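Single-structure report; data block below.
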Amino acid sequence: METINIIRTAVTLLSFFMFVGIVIWAWSSRNRQQFEEAAQLPFEQD
């Protein structure tokens, strides 16, 4: 029974760190220009 709790804890921690990594990546200033361009795509005229 102890093994399943260790696996659950590991998966929870891995998921949390992946979430934090995605948030940091999305809010980084290095990607801002790409995201701004992607945000304007629906408004561009053909």
Side-chain angles (χ1 to χ4, degrees):
M1 201 66 153
E2 184 66 29
T3 305
I4 192 70
N5 288 333
I6 292 172
I7 293 171
R8 287 177 180 167
T9 303
V11 169
T12 300
L13 289 174
L14 178 65
S15 299
F16 175 73
F17 288 123
M18 287 179 61
F19 173 77
V20 169
I22 290 171
V23 168
I24 291 170
W25 170 76
W27 285 93
S28 71
S29 60
R30 186 174 28 170
N31 295 324
R32 182 176 301 259
Q33 182 64 31
Q34 293 173 344
F35 291 146
E36 290 293 329
E37 291 173 4
Q40 295 302 318
L41 284 176
F43 303 111
E44 289 183 2
Q45 300 283 334
D46 286 336

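Counting from 1, the numbers follow the sequence of the chain as shown. The structure displayed is predicted, hence computed values, not measured ones. Side chains included, hydrogens not; waters and symmetry mates left out as well; all remaining heavy atoms used.
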>> Run the side chain to side chain donor-acceptor pair (under 3.5 Å) test against E37 and tell me which residues pass, sequence neighbours left out.
In response: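 Side chain to side chain donor-acceptor pair (under 3.5 Å) check on E37 returns Q33.
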>> Going by the rule side chain to side chain donor-acceptor pair (under 3.5 Å), which residues pair with S28 if we only count those two or more places apart in sequence or in a different chain?
In response: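 Here the qualifying residues are N31.
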[X]: partners by side chain to side chain contact (heavy atoms under 4.5 Å, CB included), with sequence neighbours left out:
| X | result |
| --- | --- |
| L13 | T9, F17 |
| I4 | M1, R8 |
| I7 | T3, V11 |

> Between A39 and P42, which heavy-atom pair has the shortest distance, and what is it?
Replying inline: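 Heavy-atom minimum between the residues: O-CD, 3.4 Å.
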> Sequence neighbours excluded, which residues qualify as ring pair (Phe, Tyr, Trp, His ring centres under 6.0 Å) partners of W25?
Replying inline: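 Counting only residues at least two positions away or on another chain, W25 forms a ring pair (Phe, Tyr, Trp, His ring centres under 6.0 Å) with F35.
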